[in-house]
Amino acid sequence: MKILVIGSGGREHAVIKSLSRSPKVTELHAAPGNGGIASLATCHAVNATDIDGVIALSKSLSVDLVFVTPDDPLVLGMVDALEIAGIRAFGPHKNAAILEGSKSFSKAFMARHNIPTADYKAFVGAEQADDAVAYIKAQNSYPAVIKYDGLALGKGVIIAENEGEAIDAIRSMLVDGKFSGGSSDSSVSKDKPSIVIEEYLDGVEVTVLAFTDGKVIVPMPASTDHKRAFDGDKGPNTGGMGVVTGVPYYTDAVATECMELIFLPTIKGMTSESRAFKGCLYFGLMLTKSGVKVIEYNCRFGDPEAQAVLPLLGNDCDLLEIVEAIIDERLGEISVKFADKKAACVVMASGGYPEKYQTGFTITGITECEQSGCEVFHAGTKLTGELVTSGGRVLAVTAVADELKSALDLAYAGIAKIKFENAHHRRDIGIKATLT
Ligand code: AMP
Ligand code: GLY
């Protein structure tokens, strides 16, 4: 099979590496890809959100399948458009990707199906800014969580520590138009910005990625991302600085609670609303004292969660087979197995990320890192004769071992072999999980 993978991050590199192990795959293509993906796939200069461009490319290459990985094209309806053009595609349809595309949709959906989540209230347009401010004053509970209702490159959530910060966040989102592009919920006006104000959840955060065909759901190993830029969970939020699996607080009892109260009700609820979710569904969960609650849904693999979890797919387990079973709605007929091991993934970023940073620095030591037993996934890298940095998150280094501590030691020893100017990585990934 000829497969085209959409996207350019470390997550896409992990997807392509897994697909490249399938005996059924004969040719891999990526749009747009990156410097690491280029060693496994032919990269094409087509943007991940360019739906017409992707359809034209798929036709010219006669691909058998398009794997749509990032949120934006999924929320825009790339899978629907590909199917209309007669091209097989993996990923949720637009009416299911709305679980990520619109916070007001997903919050109302959870309320309709009794899925545990933080209490909330939605506000639409500048004219409701005063109501939102009055609401936050009446709540008078901090931290308060203010979320932009739409895709905002991971920057749409403000945890306000006091009234001043909360009011600033409300005004910047509703009045000053801090983010462009409105809600993907068709019941909410696209011309008006909208926000959700929700209760702050205290607890331990866990991500569960799950394969689902709308009928059956197969959770992958639970993981924990580290969102802040610096050690000790300090500094600004990023796309994710490192992920570990084998998190001790995600016990069998918690997994059962999640399955019964969250995972199954979500896929059944979506299917019952004629929005069957077919793809990888990301559950962002908070383990609170009063039970597990959903922080957010994403309609795709996480980045860097995919770089930690996909390397655990069993050797006899073919990602392509899972993908095809999901598309054909026969996930229940195949066996999906993960290795009984732990993975640690540490991100190497450009110094300054997520704010200003420089690119174009030569990267060395990747081969030595891989020879030491790590897998290296490229994100912001580019081949210009030599391999150079080209983005904020540059590489993700993953190691797998029987115990999390050994996986972390291996990943950090691997990272020490890679060099580029101004490189930055967190030194405390997975510490909390190993101390618990
Ligand atoms: P998101 O962009 O929706 O992934 O949110 C970014 C981060 O904000 C999450 O990973 C959580 O750490 C935090 N967060 C979001 N919602 C809440 C909430 N209701 N309570 C506490 N933390 C939250
Ligand atoms: N690592 C968080 C995300 O992919 O949204």
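As the structure lists them, so they are numbered: ligands from 1, and atoms in each ligand from 1. Start at 1 with the first residue, then count along the sequence.
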Colleague: How are the rings of F105 and F109 set relative to one another: parallel (under 30°), tilted (30 to 60°) or perpendicular (over 60°)?
Modeller: parallel
Colleague: Among all protein heavy atoms, pick the one closest to atom 3 (C) of ligand 2 and tell me residue, atom and distance.
Modeller: R300 NH1, 3.7 Å
Colleague: With a 4.0 Å heavy-atom cut-off (strictly under), which part of N298 contacts ligand 2: side chain, backbone, both or neither?
Modeller: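 The part of N298 near ligand 2 is the side chain, not the backbone.
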Colleague: Just which atoms of ligand 2 are under 4.0 Å from any heavy atom in G239?
Modeller: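 Near G239, meaning under 4.0 Å from one of its heavy atoms, ligand 2 has 1 (N), 2 (C).
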Colleague: May I ask which of E205, K227, R228, E296 has a heavy atom nearer to atom 12 (O) of ligand 1 than the others do?
Modeller: E205
Colleague: State plainly whether the residues K192 and E127 are in salt-bridge range, i.e. N to O under 4.0 Å.
Modeller: yes
Colleague: Is it true that R112 and E273 have a side-chain N and a carboxylate O under 4.0 angstrom from each other?
Modeller: yes
Colleague: For E199, which part has a heavy atom under 4.0 Å from ligand 1: side chain, backbone, both, or neither?
Modeller: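 It is the backbone that gets close, since no side chain atom is under 4.0 Å.
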Colleague: Using a strict 4.0 Å cut-off to heavy atoms of E305, name the atoms of ligand 2 that fall inside it.
Modeller: 1 (N), 2 (C), 4 (O)
Colleague: Relative to ligand 2, is K227 under 4.0 angstrom through side chain, backbone, both or neither, heavy atoms considered?
Modeller: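 It is the side chain that gets close, since no backbone atom is under 4.0 Å.
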Colleague: In ligand 2, which numbered atoms sit nearer than 4.0 Å to a non-hydrogen atom of G302?
Modeller: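 Under 4.0 Å from G302, ligand 2 has these atoms: 4 (O).
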Colleague: So does E296 pair up with K103, basic N to acidic O under 4.0 Å?
Modeller: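 Here E296 pairs with K103 in a salt bridge, since their nearest N and O are under 4.0 Å apart.
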Colleague: Only heavy atoms of K147, strictly under 4.0 Å: list the atoms of ligand 1 that pass.
Modeller: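 Result: 15 (C), 16 (N).
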Colleague: Indicate, as side chain, backbone, both or neither, the part of I159 found under 4.0 angstrom from ligand 1 when only non-hydrogen atoms are considered.
Modeller: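 The answer is the side chain.
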Colleague: Of the choices V157, I146, D233, which has the non-hydrogen atom that lies closest to atom 8 (O) of ligand 1?
Modeller: V157
Colleague: Can an N or O of Y200 be found at a distance shorter than 3.5 Å from an N or O of ligand 1?
Modeller: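 No.
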Colleague: What I want to find out is whether K341 reaches D402 closely enough, with some N-O distance under 4.0 Å, to be called a salt bridge.
Modeller: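 Here K341 pairs with D402 in a salt bridge, since their nearest N and O are under 4.0 Å apart.
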Colleague: For the pair E198 and K147, find out whether any cationic side-chain nitrogen is under 4.0 Å from an anionic carboxylate oxygen.
Modeller: yes
Colleague: Charged N to carboxylate O below 4.0 Å: is that the case for R171 and D130?
Modeller: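 So R171 pairs with D130 through a salt bridge.
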Colleague: Under 4.5 Å between any side-chain heavy atoms of H378 and L387, yes or no?
Modeller: yes
Colleague: Counting each atom of ligand 1 from 1 as listed, which ones have a heavy atom of I295 under 4.0 Å away?
Modeller: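 The list of qualifying atoms is 14 (N), 15 (C), 16 (N), 17 (C).
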Colleague: Just which atoms of ligand 1 are under 4.0 Å from any heavy atom in E198?
Modeller: 16 (N), 17 (C), 18 (C), 19 (N)
Colleague: Below 4.0 angstrom from a heavy atom of D225, which ligand 2 atoms are there? Numbered from 1 as shown, please.
Modeller: 1 (N), 2 (C)
Colleague: State, with a plain yes or no, whether a side-chain heavy atom of C258 is found less than 4.5 Å away from one of Y250.
Modeller: yes
Colleague: Atoms of ligand 1 less than 4.0 Å from K103 heavy atoms?
Modeller: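 That gives atoms 3 (O) of ligand 1.
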Colleague: Any heavy atom of K293 closer to ligand 1 than 4.0 angstrom?
Modeller: no
Colleague: In a table with atom names and distances, give each donor-acceptor pair under 3.5 Å that connects a side chain of residues 343-355 to protein atoms at least two apart or in another chain.
Modeller:
residue	atom	partner	partner atom	Å
S350	OG	G391	O	2.7
Y353	OH	G239	N	2.9

Colleague: Taking the side chain from R300 and the backbone from C280, do they hold a donor-acceptor pair closer than 3.5 Å?
Modeller: no
Colleague: Are any of the N/O atoms on L201, whether in the backbone or the side chain, positioned under 3.5 angstrom from an N/O atom of ligand 1?
Modeller: yes
Colleague: Does ligand 2 have a heavy atom under 4.0 Å from the side chain of F301, from its backbone, from both, or from neither?
Modeller: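 Neither part.
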Colleague: Among K227, R228, R426, whose salt bridge (Lys or Arg N to Asp or Glu O under 4.0 Å) with D233 holds?
Modeller: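 Passing option: R426.
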